[in-house]
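Report on one structure; see the data block that follows.
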There are 2 protein chains.
Amino acid sequence: MLSERQSMILNAIVDDYIRSAEPVGSRSISKRGDVAFSPATIRNEMADLEELGFLEQPHTSAGRIPSNRGYRYYVDHLAPLKPLKAEDLKLFKQLAAEKLSAVEEVVQHAGTILASMTNYTSILLGPEMFNTSLRHFQLLPLNETTAVAIIVTSTGEVENRTVSIPPGLSVSDMEQTVTLLNAKLAGVPMHKLKARLYSEIGQEIQRHAEHYEELMKLLDDSFTSGKDQKVFLSGTTNMLIQPEFRDIGKLKTVLDLLEETPTLTRLLNSDQKGIQVKIGSENVHQAFVNCSLITATYSLDGEAFGTIGILGPTRMEYAKVIGTLDLLSRAMSRALGGRYGA
Amino acid sequence: MLSERQSMILNAIVDDYIRSAEPVGSRSISKRGDVAFSPATIRNEMADLEELGFLEQPHTSAGRIPSNRGYRYYVDHLAPLKPLKAEDLKLFKQLAAEKLSAVEEVVQHAGTILASMTNYTSILLGPEMFNTSLRHFQLLPLNETTAVAIIVTSTGEVENRTVSIPPGLSVSDMEQTVTLLNAKLAGVPMHKLKARLYSEIGQEIQRHAEHYEELMKLLDDSFTSGKDQKVFLSGTTNMLIQPEFRDIGKLKTVLDLLEETPTLTRLLNSDQKGIQVKIGSENVHQAFVNCSLITATYSLDGEAFGTIGILGPTRMEYAKVIGTLDLLSRAMSRALGGRYGA
DNA sequence: GTTTAGCACTCATTTGAATAGAGTGCTAAC
DNA sequence: GTTAGCACTCTATTCAAATGAGTGCTAAAC
């Protein structure tokens, strides 16, 4: 689609612009050395590239900046995968070695590393429990009217919620029911719990216990996952130092969105595994028009999946970020996967 | 200490400056109506107030702005406690009525309300478990080497951490131990758990079980509270709209600090109950010299205590914020205290 | 003695014009 | 096909002048 020379020039412009955040002129490219043509020639090519939609010109007498399309071409065809620095690799190894017991700590830590290595904002989603299964269920009465329902998953995650006990329900009924549930539901995938509850357990309970309806209501409540996927942010203030967000208005739009965890969850979740790059207006959300979002997925014992992402200005160090995310997502899967001997 | 008239003038200046963020001149005060003197008279008093350290002058030909000391006097002697707007009161009632089951949800929600009502940044600390007691303890093996330790407190909070099982420890030993612990430790305050473990339970375990040391290590791990007090932030972007943080550098210092949860916990925690106001340099942390931090405490069933706070520029609507925090902290104590009938 | 009008003075901010400089597009020559 | 040269465009910088808000002081009025 683009000639060899056009590619080279586009590459040079994107590279320069990512470094400097200033429109790139024909002269400075000519001087770089890797494109050995005179400014005039380069100017001609630049005019063509602009016509094709890969470049933009802020005003007549300024250099060119890449358009979204230009970045896209750069990412798809040009961006050289930079090998990471040795010190960065060491951080990854540490992460894998640390054997942090709690999953949340691993994710949190990974987010911090990511933000400090890239100088952008990292957004991480805790593991999606969809694929995990039930390990243990328990109801612990606190007083006459309330109890804590505790659910432990096959990956060792613990979820709890407070439920109210229907008046008149006997303790023994409750205990019996819990025993029954553990016998019947252990190993059942989390997303099938409710269905099983109604299809199999229902009748059984009805035979043994009084207060059938109230009890079912209680159990239904218990199995209603209250928590959304947890969101971890790090390096949000890195946005401040980006010249494109000198404008407080734009900055606020983005930072405001970062406070909306449900929206973030939605934006980061995708069924696709692996690395994904969303450039500028490719992002569905209006607030991200000046941003690029790069995401990768990690897995937890091969069952639960989570997402790690980097948000930065469209003028982002794609090569570096993509490389980092790729390695880190693998490192995380390794750190989280090896937790249970097998 | 200050004459009637000086107080009036100081009050007027602080009021005006809080509204406008611009140095206040003698003329504009004279025109306000509540201080019926000519600009010249007011100028004389202002010069005195400056000499006393209550006012500052950015430069010779500008009006005056309050110094930290000026704000302090305003807060201690002048700030009129504004009654809240009816619509705000309604929000509080809603919070109390909602009966959100999880404590975290209540705290989170309160933070959101606080930030949106005040247009500042809210910082909330989840309940400090210091005063709660153990309700239930459980060890749930995940495989041969790891187990989940689950601790439920008297207020219904659930904590869990992953621990490793010492090789060779029999399942029955473990079960026996857990039963013993529940019998002996139920109702013991959380902060005394470890002491009791060593003083009372130790020998008992030594009699019954093998692997004494490993087992004690496991239990010690289980009782080591991993989580810090949880921090909830809301409205951090409200900092952006404050003119004093037009300077990105200052802004970044503050926002960076807001990402450091351990520091925040330290800054907000104090043994004192009730409302506290820290103005400008009264804050220990360097990053907060241009800020004021107002905090209040809430309680959870009278046992656990947490903190809610508002961070804003020193030029802050003290009256409104103090009033709001006072009411909200009560509303939270009510919402969280009434959870268990009795 | 207290208050106030009047006035000279200070200093940050605004305004506008001139200038500099970076970069382009086009034409003609190589 | 490539490049040197040049006129042209447009932003950013600089600098001086004007503006205006506000003060401090003095002397008069109350």
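Keep in mind that what you see is a predicted model, and the values were worked out from it rather than measured. Just so you know, these numbers use all the heavy atoms, side chains as well, and skip hydrogens, waters and symmetry mates. Numbered from 1 within each chain, the chains take letters A, B, ... in sequence-line order.
- As a whole-Å value, the separation of B/Q57 CD from D/dG22 C1' is 8 Å.
- Interface remark: the A/S38 side chain does not form any donor-acceptor pair with the D/dT3 base, using a distance-only criterion of under 3.5 Å.
- Electrostatic pairing of A/E50 and A/R64 counts as a salt bridge here, judged by a charged N lying under 4.0 Å from a carboxylate O.
- Residue order along DNA chain C, read from the 5' end via each residue's closest nucleotide, puts B/A36 first among A/P23 and B/A36.
- Straight-line distance from the CG atom of B/N44 to the P atom of D/dC25: 9 Å, rounded to whole Å.
- A/T41 comes within 4.0 angstrom of a nucleotide base, judged by non-hydrogen atoms across all strands.
- The side chain of A/S61 approaches D/dT9 more closely than any other nucleotide in the set D/dT9, D/dG5, C/dT10.
- The nearest whole Å value for the distance from the CD1 atom in B/I42 to the C1' atom in D/dG24 is 15 Å.
- For B/K273, the NZ atom is densely surrounded, since the number of other residues' heavy atoms within 6.0 Å is greater than 12.
- Within 6.0 Å of the CZ atom in A/R246, the count of heavy atoms belonging to other residues, nucleotides or ligands does not exceed 12.
- Among C/dA12, D/dT9, D/dG24, the nucleotide with an atom closest to any side-chain atom of B/H59 is C/dA12.
- Judged by atom type and distance alone, A/R27 does not reach the base of C/dG21 through any side-chain donor-acceptor pair under 3.5 Å.
- The base of C/dG25 lies outside donor-acceptor range of the side chain of A/R64, with no N or O pair under 3.5 Å.
- Rounded to whole Å, the distance from CD1 on A/I65 to C1' on C/dG23 is 15 Å.
- The CD atom of A/E22 sits 20 Å away from the P atom of D/dC10 (whole-angstrom rounding).
- Remark: P of C/dT3 and CG of B/D48 are 12 Å apart, rounded to the nearest angstrom.
- In this structure, CZ of B/F37 is placed 13 Å from P of C/dA5, rounded to the nearest angstrom.
- For the OP1/OP2 pair of D/dC8 and a distance below 4.0 Å, the side-chain nitrogens and oxygens of A/T60 include no atom meeting the criterion.
- Distances from the side chain of A/S26 to the nucleotides D/dT9, D/dT23, C/dT24 place C/dT24 closest.
- The interatomic distance linking A/E50 (CD) with C/dG23 (P) rounds to 15 Å, in whole Å.
- Comparing A/A62 and B/P39 along DNA chain C, the residue whose closest nucleotide (by nearest heavy atom) sits nearer the 5' end is B/P39.
- With respect to the salt-bridge test (charged N to carboxylate O, under 4.0 angstrom), the residues A/K250 and A/E244 do not qualify.
- A/R72 has a carboxylate O that lies under 4.0 Å from a charged side-chain N of A/E282, or vice versa, which qualifies the two as a salt bridge.
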